[in-house]
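To start, the structure itself, in structure tokens.
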Amino acid sequence: FYPESNKTVFFEEKTVLFLACFSHADYSQDFELGILHWNLGKIEESVQFFNVALEIADRLNLEKERSFCSTVLIFTEYYSQ
């Protein structure tokens, strides 16, 4: 159906898309765990999850998510003082 060169490009694009979706799921999981631990009063654990979510957002160039995680971490720093 596809010429061999186009088939390779097609599968590479789908692989990249799959990995991006998987990574975004990782972001969401760490973000939600950060919120959960915050609500439980486990601030140190919450910060760890938000830092991981921030790293993933940076890697995926998710500007909105990166901004939100950064804001939460700044707020947490003030809250902890």
Side-chain angles (χ1 to χ4, degrees):
F1 183 74
Y2 293 104
E4 193 60 38
S5 61
N6 287 344
K7 183 187 276 186
T8 302
V9 170
F10 174 79
F11 286 113
E12 286 175 0
E13 289 173 354
K14 295 301 178 194
T15 301
V16 168
L17 180 61
F18 172 77
L19 291 175
C21 290
F22 187 71
S23 295
H24 194 278
D26 286 342
Y27 163 82
S28 296
Q29 179 182 10
D30 284 304
F31 178 82
E32 290 175 14
L33 286 169
I35 291 173
L36 172 68
H37 282 82
W38 174 272
N39 289 335
L40 293 173
K42 297 180 177 184
I43 305 304
E44 290 181 28
E45 292 89 341
S46 175
V47 167
Q48 291 173 354
F49 285 112
F50 279 117
N51 277 320
V52 172
L54 178 61
E55 290 175 17
I56 294 169
D58 280 339
R59 190 172 356 115
L60 296 176
N61 294 320
L62 302 171
E63 190 59 39
K64 179 181 166 189
E65 289 84 348
R66 179 181 7 203
S67 176
F68 192 81
C69 285
S70 295
T71 302
V72 168
L73 289 168
I74 290 168
F75 180 73
T76 303
E77 183 178 326
Y78 288 120
Y79 178 80
S80 298
Q81 293 179 357

query = Roughly how far apart are Tyr27 OH and Glu32 CD, rounded to 0.5 Å?
reply = 9.5 Å
note = Taken in chain and number order and not counting sequence neighbours, the residues that satisfy side chain to side chain contact (heavy atoms under 4.5 Å, CB included) with Phe49 are Asp30, Leu33, His37
task = Apply side chain to side chain donor-acceptor pair (under 3.5 Å) to Asp58 and list each qualifying residue two or more places apart in sequence or on a separate chain.
result = Arg66
ask   = Under the salt bridge (Lys or Arg N to Asp or Glu O under 4.0 Å) rule, what pairs show up with a residue in residues 69-81, not counting sequence neighbours?
value = none
query = Thr76 versus Trp38: any side-chain heavy-atom pair under 4.5 Å?
reply = yes
inquiry  = Using the rule that Ile, Leu, Val, Met, Phe, Trp and Tyr join whenever any side-chain heavy atoms are under 4.5 Å apart, tell me whether Ile56 and Leu36 fall into a single cluster.
reply    = no
query = What pair of heavy atoms forms the shortest contact from Ser46 to Gly34, and how long is it?
reply = OG-O, 2.8 Å
request  = Please list, chain by chain and in numerical order, all residues satisfying side chain to side chain contact (heavy atoms under 4.5 Å, CB included) with Ile35, sequence neighbours excluded.
outcome  = Phe31, Asn39, Phe50
inquiry  = Show, in sequence, the C-alpha distance, side-chain angles and deciding distance for Ser70 and Leu54, and conclude whether the side-chain contact (heavy atoms from CB on, under 4.5 Å) test is met.
reply    = CA-CA 7 Å; Ser70 295; Leu54 178 61; 3.6 Å; yes
query = Other than Tyr78, what residues sit in its cluster of Ile, Leu, Val, Met, Phe, Trp and Tyr side chains whose heavy atoms are under 4.5 Å apart, directly or through others?
reply = Ile74
